[in-house]
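Chain identifiers are assigned alphabetically (A, B, ...) following the order of the sequence lines, protein sequences preceding nucleic acid strands; residue numbering begins at 1 within each chain.
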Number of protein chains: 2
Amino acid sequence: MSARFEPLAFAPGYRRVAGEIAARILDRTLKVGEPLPSELELAAQFGVNRSMIREALRELESADLIARRRGTKRMVVVRPAAAQVAGRLRQAFALNDVTVREVWQMLEVLEPPAAQSAAAARTPATLARIESAVAGYRGAHRQAPLAVEGVGEFFRAIAGASGNRLLPLIQEPLLQLLAAALGVLIEAVPPARERIGIAQERICAAIADGDGELARNWMAKHVRDFRRGFELCRIELDTPVPLG
Amino acid sequence: MSARFEPLAFAPGYRRVAGEIAARILDRTLKVGEPLPSELELAAQFGVNRSMIREALRELESADLIARRRGTKRMVVVRPAAAQVAGRLRQAFALNDVTVREVWQMLEVLEPPAAQSAAAARTPATLARIESAVAGYRGAHRQAPLAVEGVGEFFRAIAGASGNRLLPLIQEPLLQLLAAALGVLIEAVPPARERIGIAQERICAAIADGDGELARNWMAKHVRDFRRGFELCRIELDTPVPLG
DNA sequence: GATGGCCTTATTGTCGGACAATCATACTAT
DNA sequence: ATAGTATGATTGTCCGACAATAAGGCCATC
């Protein structure tokens, strides 16, 4: 009675086709930017009907492995970028009823080391982006939507300067999830606008000086401050983040 | 000449259909577990051909918004779980040529706070899982593949105990990416097996005691140790992680 | 020589219908 | 209650078709 059998896996054709093509993309046989063969040719090569190919293509398209440049017909292989991955992740997070508190906790963990790394790995280009983000926020922090965008760009600039390409990818969905709550915060707690601006400037200065320790500390304070702000404007931390 | 126009966005039918259904899932009109209408019915409702519906379904399927329970016909709405999200993320990371160093850095950032949170938020159930993971590693650390699995399960147990549902989702792809390098490490550096076991026990004990500080410190040491191990067995930190 | 118009062809988006395989269900017989 | 059987619904896959539109070549024009 110990004869345990694995359920034998069937796979519909469109899934196998998608898998085959995906494998070629992942092992770089199909390079990024390269156009895919036409649907009819793929159908001929796989020996199946075009409908099946199309279903497989939709699957790959949704997985961000292929895409069509605007106004063009041919599909090309693409490398999933932060924005696409973030969208998918945000969806998953939102459907799992993630709370504002959880998102904020992740930022509390991620951002201080990010600032520290940025101070160590900064380059003229990345530094310029951070400074421009700070200036942008300064110039726009009076309108809530623009201010939210500015805060996001600041964090993106920091993550980009950290030299770790995982950070932007992981951070992006968190920022998107927090955007709504941030908007409320900035709208409802005017002093927060000023505090954010000051914190950004300190962090930016510390990074420019290459002072990782200082950048880290200021960033930690900055993130903690967001939480205070949420409490001030009565955003319930344990309610699920609103869906985009 | 400042008349700048937005490119007017057209969207093929299958994409709009997928968008409509996705919206219903995200706003909870369609609840998790609920079966989708049949393809013919959807086609009738949208007033389009079944082919189009099928392409839209493939898109949603690939986005992990719908799925089919094994051996059944009807599609049901699902909530994307860690495993699925992780797979997608891992793909994105791998295609972006993320290096072992970057993955390791993220763990260095994430894991110590995770251990600390776990010490604070532990419950009998989560503690039991951690202990069972430690015991499992102890029992299996002689065979490299099992040991890698054990290390993964340890980290998963910690993240699960942290009380933050984002952590498992973010951590999972990192573990998957590191699995290959870990296998090499455990195979090539026998003393590492023992060191890992000891670190796990210390961390586990600290969490059981509710000593967050201690758990954090041991975890930091533990993660740093991995890096030493990689250097010992000459895994080049700046080569891209191998694809799964 | 670059630009714009025009034609042909290839390709995609969408439709309709078809059929076998198989899942779901109700019914029957044991 | 269980196993077998018949029936209908649904999916997987195929075929063929056609309109709309990129792609690419050719030509006239300036």
Side-chain angles (χ1 to χ4, degrees), chain A residues 1 5-22 24-25 30-78, chain B residues 1 3 5-22 24-25 30-31 33-78:
Chain A
M1 50 152 277
F5 295 102
E6 286 295 310
L8 44 85
F10 86 109
Y14 55 80
R15 184 171 298 282
R16 277 179 302 178
V17 169
E20 285 295 320
I21 300 179
R24 295 299 175 86
I25 294 176
L30 287 167
K31 295 186 183 60
V32 170
E34 195 171 327
L36 235 52
S38 79
E39 297 175 352
L40 270 175
E41 177 149 349
L42 284 174
Q45 287 186 25
F46 281 103
V48 301
N49 193 277
R50 188 160 79 101
S51 315
M52 200 155 129
I53 297 293
R54 283 181 65 82
E55 293 187 35
L57 291 184
R58 292 299 87 77
E59 215 167 297
L60 295 170
E61 203 179 5
S62 175
D64 294 317
L65 288 179
I66 64 177
R68 200 192 333 276
R69 278 186 299 251
R70 244 199 57 259
T72 185
K73 237 180 225 296
R74 265 307 192 26
M75 285 284 191
V76 298
V77 176
V78 299
Chain B
M1 61 151 296
F5 295 103
E6 287 295 310
L8 44 85
F10 86 110
Y14 55 81
R15 184 170 299 283
R16 277 178 302 176
V17 168
E20 285 294 320
I21 300 179
R24 297 299 176 88
I25 294 176
L30 287 166
K31 295 186 182 59
E34 195 172 326
L36 235 51
S38 79
E39 296 176 353
L40 270 176
E41 177 150 349
L42 284 173
Q45 288 187 24
F46 281 102
V48 300
N49 193 279
R50 189 161 78 103
S51 315
M52 198 154 128
I53 296 294
R54 284 181 64 83
E55 293 187 35
L57 291 184
R58 294 298 89 74
E59 213 166 300
L60 296 169
E61 202 179 7
S62 174
D64 295 318
L65 288 179
I66 63 176
R68 202 192 330 278
R69 279 187 298 250
R70 243 201 56 260
T72 184
K73 236 181 222 307
R74 263 310 192 23
M75 285 286 191
V76 298
V77 176
V78 298

Check the distance between D:dA9's P and B:Glu39's CD and give it to me in whole angstrom.
16 Å
For nucleotides 19-23 of chain C, give me every protein contact, N/O to N/O, under 3.5 Å, one pair per line with atom names.
{"unit_1": "C:dT22", "atom_1": "O2", "unit_2": "B:Lys73", "atom_2": "NZ", "d": "3.4"}

Within this structure, what is the CZ-to-P distance between B:Arg15 and C:dT14, rounded to whole angstrom?
11 Å
Heavy-atom nearest nucleotide on DNA chain D taken for A:Val48 and for B:Leu36; more 5' hit belongs to B:Leu36
Evaluate the side-chain proximity of B:Ile66 to B:Leu30: yes if any heavy-atom separation is below 4.5 Å, no if none is.
no
Is the phosphate of C:dT14 approached by B:Asn49 (side-chain N or O, under 4.0 Å from OP1 or OP2)?
no
Using whole Å, what does the distance between atom C1' of nucleotide C:dT14 and atom CG of A:Leu57 come to?
16 Å
Is any NZ, NE, NH1 or NH2 atom of the basic residue among A:Glu61 and A:Arg58 found under 4.0 Å from an Asp or Glu carboxylate oxygen of the other?
yes
Donor-acceptor contact present, side-chain B:Arg16 to main-chain B:Ala11, <3.5 Å:
yes
Out of curiosity, A:Arg54 CZ to A:Leu42 CG, how far, rounded to the nearest 0.5 Å?
12.0 Å
Give, ordered by number, those residues of residues 61-69 of chain B having at least one heavy-atom distance below 4.0 Å to an atom of DNA chain C; if nothing qualifies, reply none.
none
Counting only N and O atoms by type, is there a donor-acceptor contact under 3.5 Å from the side chain of A:Glu41 to the main-chain atoms of A:Ser38?
no
Nearest-angstrom distance from the residue atom CE of B:Met52 to C1' of D:dT11:
19 Å
Closest heavy-atom pair, B:Ala56 versus B:Ala18, reported as atoms and distance to 0.1 Å, is CB-N, 3.7 Å
Expressed in angstrom and rounded to an integer, what is the separation of A:Leu40 atom CG from D:dC15 atom P?
12 Å
OP1 or OP2 of C:dT14 versus the side-chain N and O atoms of B:Tyr14: is any pair under 4.0 Å?
no
Nucleotide C:dT14, atom P - distance to CD of A:Glu55 in whole Å
14 Å
At 4.0 Å (heavy atoms only), tell me whether A:Ser38 reaches a base, stays on the sugar-phosphate, or touches nothing.
sugar-phosphate
Tell me the closest heavy-atom pair linking A:Val78 and A:Ala67, and the distance in Å.
CG1-CB, 3.8 Å
